[in-house]
Visitor: 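One structure, pasted below without further comment.
It should be emphasised that the depicted structure is a prediction, and the values quoted were computed from it without experimental measurement. All residue numbers in this chain count up from 1 along the given sequence.
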Amino acid sequence: MVKITFCKSWSFLKTFTRNHSSKEWLLRQKTDPYVEKAKIKSYRCRSAFKLLQMDDRFSILKPGLCVIDIGAAPGSWSQVAASRINSNATNSEIPTGLLIGIDLQQMYPIEGVTLLGNSDFTSPKTWQKIKELLNNRPIDVVLSDMAPNASGVKHLDHDLIIKLAYSVVKFAVLNSNVGATCLIKILDGNQNAKIENTLIKFYSNVKFVKPEASRSDSAEKYLLARGFKGLKQS
């Protein structure tokens with residue numbers, strides 16, 4: 001009788017796949033121009049250029065705004081936002097903004113940013129912390145580059161990031177100023193139209209955006225919702 005060692009074979013396959021993916025990632029990092037640009041500009045991650053490109057195109061960030069950066073680690077989006085809303089107060093001649101960054105991971109300090117590390121955005125306790133820091137100030141821009149740990153299963157990763165996206169939408173709708181903006185990362189999948197239609201109920205203009213810095217082979221894209229209509233008071 002032949003003995004089948006499925007578990008060992010499967011373990012080897014997972015290890016091989018992980019090692020292969022790691023090698024591909026390292027090779028891609030070495031040849032990625034945005035990785036080098038991030039080093040030159042002292043950004044913590046290449047993803048800074050995604051926000052820079054979207055802001056240059058759509059004018060999302062302006063001096064004096066109140067901004068929440070969800071899924072902020074390692075902090076590159078907060079670096080960009082702090083500069084553009086002047087929350088770091090580098091220019092005394094323009095309004096100073098307020099910027100709060102949240103992530104499950106701990107983050108090194110960023111000038112002009114209040115960071116909530118080791119914080120689960122989906123937890124009511126985290127929402128309460130954010131509200132205390134806002135001190136009744138309504139939010140002008142909600143940014144979310146938040147994503148779950150990748151499983152490698154496309155439909156599962158899509159479902160997980162959409163679930164996170166809905167938590168962002170709920171938070172934004174409950175805490176935003178009239179006219180506010182919400183920018184959320186999602187992945188290609190069958191629920192995109194549904195969340196787009198949800199945003200259309202609350203925002204005047206909703207569109208999908210894929211910045212040049214987002215790799216062409218990546219399933220990621222962003223939903224940009226502008227012109228928050230506000231909530232009707234009963």
Side-chain angles (χ1 to χ4, degrees), residues 21 24-25 28-29 31-35 37-38 43-61 67-81 84 101-105 121-122 139-173 176 180-229:
S21 297
E24 283 188 336
W25 183 85
R28 188 168 58 182
Q29 288 293 98
T31 58
D32 189 328
Y34 289 107
V35 173
K37 287 181 180 180
Y43 290 127
R44 295 182 180 182
C45 184
R46 71 181 298 285
S47 62
F49 294 97
K50 299 175 189 178
L51 181 57
L52 284 167
Q53 290 167 358
M54 289 186 284
D55 188 43
D56 286 345
R57 183 178 175 187
F58 298 106
S59 300
I60 300 165
L61 303 169
V67 178
I68 306 296
D69 181 12
I70 304 166
S76 59
W77 275 33
S78 286
Q79 287 179 292
V80 171
R84 298 211 165 183
I102 307 100
D103 202 278
L104 275 172
Q105 300 179 39
F121 176 74
T122 63
I139 300 166
D140 297 303
V141 180
V142 173
L143 304 173
S144 177
D145 201 32
M146 181 169 54
N149 291 328
S151 69
V153 181
K154 185 176 180 180
H155 70 85
L156 178 58
D157 290 339
H158 171 70
D159 289 347
L160 290 172
I161 201 170
I162 290 295
K163 184 177 181 180
L164 292 175
Y166 272 112
S167 70
V168 174
V169 173
K170 182 178 180 180
F171 176 83
V173 166
S176 289
T181 297
C182 186
L183 179 67
I184 312 172
K185 178 158 76 175
I186 58 173
L187 299 172
D188 282 329
N190 59 8
Q191 296 191 59
N192 286 1
K194 183 179 178 182
I195 193 169
E196 179 188 17
N197 289 333
T198 298
L199 284 166
I200 288 171
K201 295 177 182 178
F202 299 103
Y203 293 84
S204 300
N205 184 280
V206 180
K207 64 174 62 182
F208 290 98
V209 180
K210 189 173 179 71
E212 185 179 331
S214 181
R215 294 184 174 108
S216 58
D217 60 348
S218 171
E220 76 172 7
K221 60 176 63 173
Y222 294 85
L223 263 171
L224 174 62
R226 293 177 291 174
F228 178 57
K229 300 172 185 177

Visitor: So, Asn197 side chain and Ala193 main chain: donor-acceptor pair closer than 3.5 Å or not?
Guide: yes

Visitor: Side chains of Ile186 and Lys221, heavy atoms from C-beta outward: is any pair under 4.5 Å?
Guide: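 The answer is yes, as the side chains (C-beta and beyond) meet within the 4.5 Å cut-off.
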
Visitor: Does a side-chain heavy-atom distance below 4.5 Å link Phe121 with Asp103?
Guide: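 A side-chain contact is absent here, since even the closest heavy-atom pair is not under 4.5 Å.
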
Visitor: Would a distance-only check, ignoring hydrogens and angles, find a side-chain to backbone donor-acceptor pair under 3.5 Å from Asp69 to Ser144?
Guide: no

Visitor: Rounded to the nearest 0.5 Å, what separates atom CG in Leu223 from atom CG in Leu183?
Guide: 8.5 Å

Visitor: Can you give me the closest heavy-atom contact between Ala81 and Leu61, atom names plus distance?
Guide: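 Scanning both residues completely, I find the closest heavy atoms to be CA-CD1, 3.9 Å.
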
Visitor: Is it true that Lys210 and Glu220 have a side-chain N and a carboxylate O under 4.0 angstrom from each other?
Guide: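 So Lys210 does not pair with Glu220 through a salt bridge.
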
Visitor: Is the side chain of Gln53 donor-acceptor paired with the backbone N or O of Ala213 at a distance under 3.5 Å, no angle test?
Guide: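 Yes: the side chain of Gln53 pairs with the backbone of Ala213.
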
Visitor: Closest approach of Leu52 and Val80, non-hydrogen atoms and distance?
Guide: CD2-CG1, 3.6 Å

Visitor: Nearest 0.5 Å, what's the CE-NZ distance between Met146 and Lys185?
Guide: 10.5 Å

Visitor: What is the minimum heavy-atom distance between His158 and Asp188, and which atoms define it?
Guide: ND1-O, 3.4 Å

Visitor: Compare all side-chain heavy atoms of Leu143 with those of Ile68 and state whether any distance is below 4.5 angstrom.
Guide: no

Visitor: Strictly distance-based, threshold 3.5 Å: is any side-chain N or O of Asp145 a donor or acceptor partner for the main-chain N or O of Gly71?
Guide: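 Side chain of Asp145 to backbone of Gly71, a donor-acceptor pair under 3.5 Å: no, none is there.
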
Visitor: How close do Ala172 and Ser176 get, heavy atom to heavy atom, and via which atoms?
Guide: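 Closest approach of Ala172 to Ser176, heavy atoms only: O-OG, 2.7 Å.
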
Visitor: Testing Asp159, Leu187, Ile161 for side-chain contact (heavy atoms from CB on, under 4.5 Å) with Pro148, which one passes?
Guide: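 Per the side-chain contact (heavy atoms from CB on, under 4.5 Å) rule, the option paired with Pro148 is Ile161, out of Asp159, Leu187, Ile161.
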
Visitor: Can you find a heavy atom in the side chain of Glu196 that is under 4.5 Å from one in the side chain of Lys207?
Guide: no

Visitor: Looking at every non-hydrogen atom in both residues, tell me the closest pair between Lys229 and Ile200 and how far apart they are.
Guide: NZ-O, 3.1 Å

Visitor: Is the side chain of Arg44 donor-acceptor paired with the backbone N or O of Gly75 at a distance under 3.5 Å, no angle test?
Guide: no

Visitor: Rounded at 0.5 Å granularity, tell me how far CG in Asn205 sits from CZ in Phe228.
Guide: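 Reported value, rounded in 0.5 Å steps: 15.0 Å.
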
Visitor: Whether the side chain of Asp140 engages the backbone of Val67 through a donor-acceptor N/O pair (distance < 3.5 Å, no angle test) should be reported.
Guide: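 No; judged by distance alone, with no hydrogens or angles, the pair does not exist.
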
Visitor: Nearest 0.5 Å please: distance from the CZ atom of Arg57 over to the CG atom of Leu224.
Guide: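 Output value for this atom pair is 9.0 Å.
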
Visitor: How are the rings of Tyr43 and Phe49 set to each other: parallel, tilted or perpendicular (split at 30° and 60°)?
Guide: perpendicular

Visitor: Answer yes or no: is there a side-chain heavy-atom contact under 4.5 Å between Arg215 and Tyr34?
Guide: no

Visitor: Can Ser76 and Ser47 be counted as having a side-chain donor-acceptor contact under 3.5 angstrom?
Guide: yes

Visitor: What are the two closest heavy atoms between Tyr203 and Cys182, and how far apart are they?
Guide: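 Here Tyr203 and Cys182 meet closest at OH-CB, 3.5 Å.
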
Visitor: Do NZ/NE/NH1/NH2 and the carboxylate oxygens of Lys37 and Asp32 come within less than 4.0 Å?
Guide: no

